[in-house]
Amino acid sequence: MGNKKVIKRDERIQLYDWSKVEAAVGAAFKKVNQDMDDTFRNQLRKSVETAFKNTDAVSVEDIQDIIQKELIKRNKYEAAEEFIVYRNK
């Protein structure tokens with residue numbers, strides 16, 4: 001993804017790292033005793049990385065919105081609920 005950046009809530013800038021996204025979403029699945037399958041993982045990654053299409057920096061809130069929408073869109077409701085709880089911490 002090159003030098004894509006994430007704007008944190010406190011306005012710090014951090015390099016985009018898919019593994020951090022994957023870990024956060026994976027934790028939501030783990031909380032509900034489910035696995036994140038490869039098809040969903042690939043769809044999610046594509047959706048998140050599309051946010052960078054016309055910009056070099058995306059806010060963490062925008063990334064979390066994408067994750068939440070993808071979870072719901074793909075009928076991953078239990079994991080979506082856990083992700084929302086995680087997100088609001």
Return the minimal non-hydrogen interatomic distance between Ala79 and Ala28, and the atom names on each side.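 Result for this residue pair: O-CB, 3.6 Å.
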Answer yes or no: are there more than 12 heavy-atom neighbours, outside Lys5 itself, under 6.0 Å from its atom NZ?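 Correct, the count exceeds 12.
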CA sep, side-chain torsions, deciding dist, call: Asp17, Lys4, salt bridge (Lys or Arg N to Asp or Glu O under 4.0 Å): CA-CA 9 Å; Asp17 182 351; Lys4 301 299 183 183; over 6 Å; no
Donor-acceptor pair between Asn75 and Tyr77 side chains, under 3.5 angstrom: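 Indeed, the side chains of Asn75 and Tyr77 share at least one donor-acceptor pair under 3.5 Å.
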Qualifying ring-ring contact (aromatic ring centres under 6.0 Å, His included) pairs, either residue in residues 17-39, two or more places apart: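 Residue pairs with at least one partner in residues 17-39: Phe29-Phe40.
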Sole residue of Leu71, Val32, Asn33 in side-chain contact (heavy atoms from CB on, under 4.5 Å) with Glu78: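 Exactly one option meets the side-chain contact (heavy atoms from CB on, under 4.5 Å) with Glu78, and it is Val32.
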Carboxylate-amine/guanidinium proximity below 4.0 Å for Asp10 and Arg12: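 Looking at Arg12 together with Asp10, the answer is yes, because their closest N to O distance falls below 4.0 Å.
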Asp38/Arg41 salt bridge by N-O under 4.0 Å criterion: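 Salt bridge present between Arg41 and Asp38.
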Shared hydrophobic cluster for Val25 and Ile84 (ILVMFWY, side-chain gaps under 4.5 Å):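 No, Val25 and Ile84 fall in different hydrophobic clusters.
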4.5 Å side-chain heavy-atom contact, [X] and [Y]:
{"X": "Thr39", "Y": "Gln43", "answer": "yes"}
{"X": "Met36", "Y": "Glu22", "answer": "yes"}
{"X": "Ile67", "Y": "Val21", "answer": "yes"}

Report, one line per pair, each donor and acceptor closer than 3.5 Å where one atom sits in a side chain of residues 57-66; sequence neighbours left out.
{"residue": "Ser59", "atom": "OG", "partner": "Asp62", "partner atom": "N", "Å": "3.0"}
{"residue": "Ser59", "atom": "OG", "partner": "Asp62", "partner atom": "OD2", "Å": "3.3"}
{"residue": "Gln64", "atom": "OE1", "partner": "Arg9", "partner atom": "NH2", "Å": "2.5"}
{"residue": "Gln64", "atom": "OE1", "partner": "Arg87", "partner atom": "NE", "Å": "3.3"}
{"residue": "Asp65", "atom": "OD1", "partner": "Arg87", "partner atom": "NH1", "Å": "3.0"}
{"residue": "Asp65", "atom": "OD1", "partner": "Arg87", "partner atom": "NH2", "Å": "2.5"}

Can you list the steps and then say if Gln68 with Ile72 is a side-chain contact (heavy atoms from CB on, under 4.5 Å)? CA-CA 6 Å; Gln68 190 172 318; Ile72 292 167; 4.2 Å; yes
With Asp35, which residues qualify under salt bridge (charged side-chain N to carboxylate O under 4.0 Å, His left out), at least two apart?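 If we apply the salt bridge (charged side-chain N to carboxylate O under 4.0 Å, His left out) test to Asp35, skipping adjacent residues, there are no hits.
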